[in-house]
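Below: the structure, in structure tokens.
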There are 2 protein chains.
Amino acid sequence: MKKNAVLYKIGEKVFECPVGLATNVINGKWKLQILNLLSQGACMRYGDLKRGIEDVSEKMLIQHLRELEGDGLIMRRAYGEVPPKVEYSLTEIGKGIIPVIDELRKWGLGFKVTREAML
Amino acid sequence: MKKNAVLYKIGEKVFECPVGLATNVINGKWKLQILNLLSQGACMRYGDLKRGIEDVSEKMLIQHLRELEGDGLIMRRAYGEVPPKVEYSLTEIGKGIIPVIDELRKWGLGFKVTREAML
DNA sequence: CAGGATCCATATTGATACTG
DNA sequence: CAGTATCAATATGGATCCTG
């Protein structure tokens, strides 16, 4: 590491580049999709997230949720009820990611195809 | 897949959500960093990319470059010279990713720390 | 210089079954 | 409902040697 480098730190992780930090915390196959769903409303339950993200396994979903929580992007709130009820929502830091997702969506919309074109 | 769903297609990969498509093509530990470097100028040589991304192995670098090329985000131009010279650059599609990186950088800048705070 | 090929190790992801 | 536990598969990483 260079002597007078400016640094970027989240939790215990340190980076020399802001893009490096950002790519690290959103790195994970489903993280942006989780953040995308959470950005669409106030909060979502675990089961809603599971159903909202096709093909994600429970293991990876919970693992990514834990990591996002550890990095301070999302919040977990458990209600002491039976049956259990757990809600996830974006923190203020996490809300800062929304413009990133908006740009991703804009870019992705450019690849729209009609169903007929698929046949 | 739902009957009348709108679809998003890149190459042979089909998605139901534009964010899903976008996250898929930038998924890969070093891809955003590659795109970030390429967004800073006209083009870069293989060796420049290798030096510009700390800790990436040649194997993963070339693998990610191939995938980005396959998805149409970057272009590879080889000059028939000895010693070899290969330049990578963003395609028009790839340039659409720049706003995403800009937002990532803005967000990452919020985590700046002084060197003294690290001691 | 810009890779390709191979081997080996570790990390990440996935599928299934099970629990409070 | 919201997870855990376990095992299996895939992705990624590193080292070494090789080529046009």
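Order of the sequence lines fixes the chain letters, A, B, ..., with proteins taken first and strands second; residue numbering starts at 1 for each chain.
Nearest to the side chain of A/Q63, among C/dT13, D/dC1, C/dA2, sits C/dT13. Comparing C/dA2, C/dG3, D/dT4 by their nearest atom to the side chain of B/Y88 picks out C/dG3. Comparing C/dG20, C/dG4, D/dG3 by their nearest atom to the side chain of B/R66 picks out C/dG4. When distances run from any side-chain atom of A/K29 to the nucleotides C/dT13, D/dG3, C/dA2, the shortest one goes to C/dT13. Residue B/M60 places its side chain closer to D/dG13 than to any other of D/dG13, C/dG3, C/dG14.
Between the side chain of A/T91 and the backbone N or O of A/G72, at least one donor-acceptor pair lies under 3.5 Å. The backbone N or O of A/P18 sits nowhere less than 3.5 Å from a side-chain atom of B/W107 that would complete a donor-acceptor pair. For B/K50 (side chain) and B/V56 (main-chain N/O), a donor-acceptor pair under 3.5 Å exists by modelled atom type.
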Which is it for A/L68 and A/L38 under the side-chain contact (heavy atoms from CB on, under 4.5 Å) test, yes or no, and what are the steps along the way? CA-CA 12 Å; A/L68 289 170; A/L38 293 180; over 6 Å; no

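Among the heavy atoms of the strands, none lies under 4.0 Å from A/K50. At a threshold of 4.0 angstrom between heavy atoms, the contacts of B/P83 are confined to the sugar-phosphate backbone, with no base atom among them.
Side-chain N/O atoms of A/R45 include one lying less than 4.0 angstrom from OP1 or OP2 on D/dA2. Between B/R77 and C/dA2, a side-chain N or O to OP1/OP2 separation shorter than 4.0 Å is absent. When the side-chain nitrogen and oxygen atoms of A/H64 are compared with OP1 and OP2 of C/dT13, one or more of them lie within a distance under 4.0 Å. For C/dG14, one of the phosphate oxygens OP1 or OP2 lies less than 4.0 angstrom from a side-chain nitrogen or oxygen of A/W30.
Atom-to-atom, NZ of B/K31 to C1' of D/dA11 comes out at 12 Å; the value is rounded to the nearest Å. Atom CG of A/N24 and atom C1' of C/dA11 are 14 Å apart (whole Å). We find that CD1 of B/I53 is positioned 15 Å from C1' of D/dG13, with the value rounded to whole Å. Remark: P of D/dC18 and CD of B/E58 are 16 Å apart, rounded to the nearest angstrom. Rounded to whole Å, the distance from CG on B/N27 to C1' on D/dT10 is 13 Å. Whole-Å rounding puts the A/R76 CZ to D/dC1 C1' distance at 12 Å. The distance between atom CD1 of B/I62 and atom P of D/dG13, rounded to the nearest whole Å, is 15 Å. For the pair B/Y79 OH and C/dG3 P, the computed distance is 13 Å after rounding to whole Å.
Here the side chains of B/I26 and A/L32 are in contact, with some heavy-atom distance below 4.5 Å.
Each of B/K59 and B/Y46 was matched to the nucleotide of DNA chain C holding its nearest heavy atom; the match closer to the 5' end belongs to B/Y46.
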